[in-house]
Amino acid sequence: MNSFASAQHSLADTRHTTQNCRFCAAELRHTFADLGTSPLCQSIIRPDQLQDMEPSYPLHAYVCHNCFLVQLQEFVAPQNIFSEYAYFSSYSSSWVEHARRYTDMAAERFGLGPDSKVMEIASNDGYLLQHFLAKGIPVLGIDPAANVAAAAALKGIPTEIRFLGSASAEIIAGMHGQADLLLGNNVLAHVPDLNDFVAGMKRLLAPNGVITMEFPHLRQLMKGNQFDTIYHEHFSYFSFVAVEKIFASQGLTLFDVEELPTHGGSLRIYARHAGNAQLAVGDRVHAMLRTEVEEGFLSLDHYRGFSEQVKSTKRKLLAFLIDAKQRGKRIVGYGAPGKGNTLLNYCGIRTDFLDFTVDANPYKQNSYTPGTRIPILPPDSIRSTRPDYVLILPWNLRDEISHAAAFIAEWGGQFVVPIPEVEVFRAPEFMAV
């Protein structure tokens with residue numbers, strides 16, 4: 001059963017939770033961004049499902065006045081989103097390269113070798129663990145999606161097909177021991193029960209072990225107007241001040257932090273057991289906390305106004321698309337990512353604006369985007385149709401995509417990115433120096 005079909009559950013299975021913060025349980029009263037209603041963004045539509053009803057859920061982000069965690073309500077249980085997943089990490093070459101560089105850094109910094117154990121939460125298709133495996137370092141993946149775990153198995157990566165929480169961590173630790181390095185990239189946002197998840201990480205971590213987690217930084221989301229990264233699969237949106245509190249509540253101390261360019265601006269945090277004094281809290285932690293406090297992340301006033309910024313961006317994108325269509329231009333998309341589907345649904349962009357979109361992932365090809373029902377074709381469809389504009393939906397991969405599809409310059413085609421503002425640009429090798 002795919003994720004679209006699994007979402008066709010009864011109303012009894014839909015999570016109408018009370019509006020309370022998932023970390024501190026305070027009542028949620030303050031809107032961060034209201035994007036209306038939207039289907040699950042990774043639930044691609046197969047041709048035989050085009051006449052079926054498609055569930056749609058509120059996409060309303062709140063900010064907690066007590067701990068300042070930005071979050072969505074849990075309308076759909078994770079089992080109905082992640083048990084079969086359409087996103088395969090290995091189809092982004094830049095992301096695989098990012099993972100390779102991380103493994104080089106981590107192996108050297110933490111002295112990892114044949115006697116170590118590396119575990120990755122949300123290990124997907126083995127895009128990262130394959131690099132540790134090549135170094136002779138034992139690995140274990142943890143991922144709830146059987147389809148991506150099967151792809152990892154082809155790379156020789158063992159995977160526990162489970163969601164991580166305190167109970168499953170107990171089982172995994174009993175079977176495989178604890179991790180010297182426990183990592184998770186872009187998974188923290190996918191967890192509705194944050195406290196249980198972080199407790200599970202603590203249980204899996206060896207006494208002198210290290211946790212690293214990467215996630216989009218709320219500070220950059222707000223600066224870059226990245227509202228399209230808000231979708232149901234992302235339950236939470238983290239500032240450093242909020243995530244520091246969450247980890248501390250479970251006896252984990254953040255001792256280092258890095259700012260990364262990935263996904264429009266991410267953080268990589270480093271955590272250890274609170275009692276492990278061998279790893280001192282570094283200057284970058286104090287600097288990041290100070291920066292966010294000074295910028296107002298502990299004040300509700302800082303979060304006000306983001307909704308109007310989002311509405312303005314929507315109007316500007318639609319104005320560009322309307323003008324282009326009125327001039328008789330042909331527009332297609334590139335990519336079918338979660339963020340793209342948030343953008344398409346919020347802005348009401350369907351085949352009246354985009355003829356189709358393309359994606360390198362065969363799992364998504366010859367299907368349709370959720371909600372907007374735009375055909376998803378293989379990338380070579382761009383060459384055969386010669387569009388005037390290519391709208392890059394995964395704008396964080398603009399360099400990778402604009403190089404891969406630079407051939408559109410042969411007929412005068414141009415690229416468009418929607419975030420943070422609408423920008424039209426030519427293929428790289430045709431740009432003026």
Side-chain angles (χ1 to χ4, degrees), residues 21-26 64 66-69 71 102 105-107 109-112 116-122 140 142 163-174 176-215 217-219 235-260 266-293 297-298:
C21 176
R22 63 173 38 88
F23 169 55
C24 72
C64 176
N66 183 54
C67 68
F68 299 97
L69 178 66
Q71 59 201 280
Y102 166 84
M105 177 280 297
R109 179 172 179 177
F110 303 119
L112 303 173
S116 307
K117 171 73 80 172
V118 174
M119 297 184 189
E120 183 182 11
I121 308 162
L140 177 69
I142 303 167
F163 288 95
L164 183 69
S166 54
S168 60
E170 191 71 38
I171 295 170
I172 294 168
H176 301 280
Q178 293 178 306
D180 300 294
L181 175 63
L182 179 63
L183 68 116
N185 289 344
N186 302 306
V187 61
L188 196 61
H190 291 182
V191 178
D193 191 343
L194 275 176
N195 295 323
D196 186 59
F197 180 82
V198 178
M201 286 197 290
K202 180 176 174 61
R203 175 65 184 89
L204 272 185
L205 187 65
N208 294 317
V210 170
I211 294 171
T212 72
M213 303 290 287
E214 293 181 21
F215 49 84
H217 190 187
L218 178 64
R219 181 172 178 246
F235 295 104
S236 304
Y237 305 83
F238 299 98
S239 63
F240 189 66
V241 291
V243 82
E244 190 273 338
K245 292 177 185 177
I246 292 165
F247 275 64
S249 73
Q250 299 297 329
L252 294 168
T253 297
L254 304 188
F255 67 90
D256 198 5
V257 60
E258 293 178 73
E259 292 186 271
L260 305 172
S266 297
L267 291 183
R268 178 187 290 153
I269 58 172
Y270 296 75
R272 42 88 165 166
H273 288 292
N276 179 11
Q278 296 178 34
L279 296 169
V281 177
D283 291 342
R284 292 192 292 197
V285 169
H286 300 301
M288 182 62 71
L289 288 171
R290 185 167 56 251
T291 295
E292 289 197 349
V293 171
F297 279 86
L298 295 181

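Every value quoted in this text rests on a predicted model; they were computed, and no experiment measured them.
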- Apply side-chain contact (heavy atoms from CB on, under 4.5 Å) to Val191 and Phe235, showing your working. CA-CA 6 Å; Val191 178; Phe235 295 104; 5.7 Å; no
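- Within the model, atoms NZ of Lys202 and CG of Leu204 stand 12.0 Å from one another, a figure rounded to the nearest 0.5 Å.
- When side chains are defined from C-beta on, Glu259 counts as touching Arg219, because their heavy atoms get closer than 4.5 Å.
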- Message: Run the side-chain contact (heavy atoms from CB on, under 4.5 Å) test on Leu267 and Met288 for me, step by step, so that the C-alpha distance in whole Å, both residues' side-chain angles and the decisive distance to 0.1 Å come before the verdict.
- Response: CA-CA 10 Å; Leu267 291 183; Met288 182 62 71; 3.9 Å; yes
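- The two residues Lys245 and Phe23 make their nearest non-hydrogen contact at O-CZ, 3.7 Å.
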- Message: Determine whether Gln250 and Met201 satisfy the following criterion, side-chain contact (heavy atoms from CB on, under 4.5 Å), listing intermediate values before the conclusion.
- Response: CA-CA 9 Å; Gln250 299 297 329; Met201 286 197 290; over 6 Å; no
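- The distance from the CG atom of Asp256 to the OG1 atom of Thr212 is 11.0 Å, given to the nearest 0.5 Å.
- Between the CG atom in Leu69 and the CD1 atom in Ile246 there is a gap of 5.0 Å [rounded to 0.5 Å].
- Between the NE2 atom in His217 and the CZ atom in Phe238 there is a gap of 11.5 Å [rounded to 0.5 Å].
- When every heavy atom of Leu188 is checked against every heavy atom of Leu194, the shortest pair comes out as O-CD2, 4.0 Å.
- Aromatic ring orientation, Tyr270 versus Phe110: tilted (interplanar angle from 30° to 60°).
- A pairwise comparison of heavy atoms in Leu183 and Val118 identifies CD2-CG1, 3.7 Å as the closest pair.
- What you find for Val285 and Leu254 is that their closest heavy atoms are CG2-O, 3.8 Å.
- In this structure a side-chain-to-backbone donor-acceptor pair under 3.5 Å is present from Gln71 to Arg22.
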- Show your reasoning for whether side-chain contact (heavy atoms from CB on, under 4.5 Å) applies to Leu218 and Phe68. CA-CA 11 Å; Leu218 178 64; Phe68 299 97; over 6 Å; no
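- Here the shortest heavy-atom pairing between Ser168 and Gly165 reads OG-N, 2.8 Å.
- Expressed to the nearest 0.5 Å, how far CG of Asp283 lies from CZ of Arg290 amounts to 8.5 Å.
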